[in-house]
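What follows is a single structure, written as structure tokens, with notes after it.
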Amino acid sequence: MTFRKIFSTITKKEWQFVWLMTLALIILTSLSVIYGYLRSQPNQVFTGMHFVSADDWFVYYSLINQAKTGHLFSLDLYASVVQAPILRPLWSLVGSLAWLFNLPDWAAMNLARIFLIPVFLFIAYLFIAYLFKEKFWRKIALFFLSFSSGLGILFIYRLIKNPLNASRGQSQWPMDLWVPDINTFFSLFTSPHFIAGTILILLIFLATLVFIENQKYFYSILAGLAGLILFSFHPFQVIKVYGVLLCFSLAIFLKNKKINWRLVIHNFIFFLISSPAVLYYLWLMKYDWLTVQRSLQNFCPTTPIYLTIFSFGGLLFFSIFTVYLFWQKKIKFNTNQLFLVVWLLVQFGLLYAPINYQRRTALGVHFPLVVLSVTALVYLYHRYKKWFSRHLVAVVAAGILIFLPSTFFAISADLMVFSQSRELSYITVDESNALLWLKFSTKPDSVILSSEKTGKLIPAYALRFSYVGHPVETPFYNQKKSDPVWYFSNQKSASQQRQFLQEQKIDYVFYGPQEKLINPDWSADQKYLKLIYHNQSVDVYQVL
């Protein structure tokens, strides 16, 4: 089997179904953003920030807007330190898209996301067509891949009980409610880098399986190029992809009781071609202290095991059932199915591996969960066909309750965020104007002190350094996050405040709506602060 032969097995009606699914996904994943934009008030500027990954949106915008202004290599504007710019190719492409069509950051990000959805469905359906011969089950698998989710909705009360998602040192929300990596719909709904990452993971693994069947090294080269691109913008995936390929190869060797040297060569070619991106990040980890500091702060633990089980929900149950059927030899167990089982086991193991970024390894795990679950459904359907026919309505209703609830939550949560103007989903026109003034009226290396919330916005819209703004991108965040509260609360003398600004090499102080929440009566000391910008709700001071 080759890619061309896989493609030839797919009928015109199947592709029509794929395009129908593409259209449905584009509409459903864009509804909340369109709603949020349309309900913007005259005194508001829409940011497009989602319910999930709220801290990350403005990091993306900072990278997009840096690329939009012509910078191929980007700076971490949340780190007011001397640093070397870093190549971030995916965000450079999105920034180029913003420049080409003169789009705001949120629109460019969503346009890139929309462009990638049909690419994802094309690659995913090729993979599905390779694994399933019956056209009906191919469509069922694509539907499950596009929309299925977990049962975390059963713990929705925890969003109210633990609004910060933390208690006793652990995340308390099920991952299918807030981790975009966990399932396909959430990834398609959130950001282009999740979609691009999943596309490349599927391409690498499909090329590997096709190589095993036809032994053509073209697929090794294709997988290597996909790995090179993937690792260049998503280094979290390195350990997972290498781990799956290594464990699968060992499983093949043990199953056949001999070493498959062609598979060894395939893996070597993959490693050789993809390694420049890995070596680049290893070089940064050795010589760039800021990269090291970010990696230490990028602590993303997986939820407790019982919450993770509910996060995968029915898919995990049916996948385990499929493995049981393999074990009992009730379903034929071939190389492709071995790969899916190894893939699932490796990814599940990485979720609890001794690494900082545990849950960031979840990207792509939805695919083997879906395929194994549909395999179980095929078995059950053929064995109990008459029962399924008699209870079709009940089966569909049960399927919606078991497989779709968190998908509905993803959409409704964003609609709630925009309808209530939560967090930084909107900023005031005054804040926007002040940030634009900073962008065009200050030096590029200027450092600005503000509240932490405004500190998220400054790198995105002013393209200037914020003193503190992001838990990962701001070095020594835990030590710095309370400084704005201390400063604006006037807890120290003017001389101590001035000394603080000088020691931290701060050039400007931003006093707007968020800072007024800290202290509405804060007043600048004219001896060391000069008012240089003013509108109805924002003052910007230069440090003398």
Pairs where residues 59-84 contributes a residue and the test salt bridge (charged side-chain N to carboxylate O under 4.0 Å, His left out) is met, not counting sequence neighbours: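 Applying salt bridge (charged side-chain N to carboxylate O under 4.0 Å, His left out) to every pair that reaches into residues 59-84, excluding sequence neighbours, yields Asp76-Arg294.
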Pairs involving residues 408-425, ordered by first then second residue, that meet salt bridge (charged side-chain N to carboxylate O under 4.0 Å, His left out) (sequence neighbours left out):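 Of all non-adjacent pairs touching residues 408-425, those that pass salt bridge (charged side-chain N to carboxylate O under 4.0 Å, His left out) are Glu423-Lys453.
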Ring pair (Phe, Tyr, Trp, His ring centres under 6.0 Å) between Phe403 and Phe144, intermediate numbers included: CA-CA 8 Å; Phe403 295 110; Phe144 269 67; 5.0 Å; yes
Greater than 12 external heavy atoms within 6.0 Å of Tyr37's OH: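 No, not enclosed.
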Suppose we screen for side-chain hydrogen bond (donor to acceptor under 3.5 Å, both in side chains). Which residues come up paired with [X], at least two apart in sequence or across chains?
| X | answer |
| --- | --- |
| Ser406 | Asp176 |
| Tyr60 | none |
| Glu503 | Gln499 |
| Arg88 | Ser74 |

Aromatic ring proximity Trp522/Tyr541, centre distance under 6.0 Å: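 For Trp522 and Tyr541, the ring centres are under 6.0 Å apart.
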is_close_aromatic(Phe185, His366), centroid dist under 6.0 Å: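 When the ring centroids of Phe185 and His366 are compared, they turn out to be at least 6.0 Å apart.
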Derivation and outcome, ring pair (Phe, Tyr, Trp, His ring centres under 6.0 Å), residues Tyr357 and Phe236: CA-CA 7 Å; Tyr357 53 92; Phe236 292 138; 5.0 Å; yes
Ring geometry between Phe147 and Phe143 (parallel below 30°, tilted from 30 to 60°, perpendicular above 60°):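 Judged by the thresholds at 30° and 60°, the geometry between Phe143 and Phe147 is tilted.
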Residues Tyr61, Thr47; criterion side-chain hydrogen bond (donor to acceptor under 3.5 Å, both in side chains); working and verdict: CA-CA 9 Å; Tyr61 294 165; Thr47 70; 5.5 Å; no
Residue pair Thr190 / Arg113, side-chain donor-acceptor N/O under 3.5 Å: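 Note: Thr190 and Arg113 side chains miss the donor-acceptor criterion.
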